[in-house]
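Comments concern the structure below.
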Amino acid sequence: MDNDYAIGWGTLALINAGIAQGKNRSGLNWFLLSLLMGPLATLALVVFEKLPYEGSE
């Protein structure tokens, strides 16, 4: 049972990293943040707007 919980939490962190990269944010930072905050990090990513690409002005 505990193993299933850890697998789900890790999967959510990977999904959040992908969402973050799609919004021009650091995937690694959001992956680590998601390991700590879980679904709250997902909520934050959904609420935050996409950042402009650094190469465009």
Side-chain angles (χ1 to χ4, degrees):
M1 185 77 166
D2 289 335
N3 195 28
D4 292 339
Y5 183 77
I7 291 171
W9 204 264
T11 302
L12 180 63
L14 287 171
I15 292 169
N16 285 347
I19 294 170
Q21 287 180 337
K23 292 193 169 196
N24 298 328
R25 298 178 186 275
S26 169
L28 177 60
N29 287 346
W30 278 95
F31 173 79
L32 295 173
L33 186 64
S34 296
L35 287 176
L36 297 173
M37 295 180 55
L40 294 176
T42 307
L43 177 64
L45 279 169
V46 169
V47 172
F48 293 158
E49 293 187 18
K50 184 175 182 176
L51 292 176
Y53 184 69
E54 289 181 6
S56 65
E57 291 185 22

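The basis for the numbers below is simple: all heavy atoms, side chains too, and nothing from hydrogens, waters or symmetry mates. What you are looking at is a predicted structure, and each value in this text was computed from that prediction instead of being measured.
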What pair of heavy atoms forms the shortest contact from Ala17 to Gly27, and how long is it?
-> CB-O, 3.4 Å

From Lys50 NZ over to Arg25 CZ, what is the distance, rounded to the nearest 0.5 angstrom?
-> 11.0 Å

Under 3.5 Å donor-acceptor pairs involving side-chain atoms of residues 31-43, not counting sequence neighbours:
| residue | atom | partner | partner atom | Å |
| --- | --- | --- | --- | --- |
| Ser34 | OG | Asn16 | ND2 | 2.9 |
| Ser34 | OG | Trp30 | O | 2.7 |
| Thr42 | OG1 | Asn16 | OD1 | 2.9 |
| Thr42 | OG1 | Asn16 | ND2 | 2.9 |

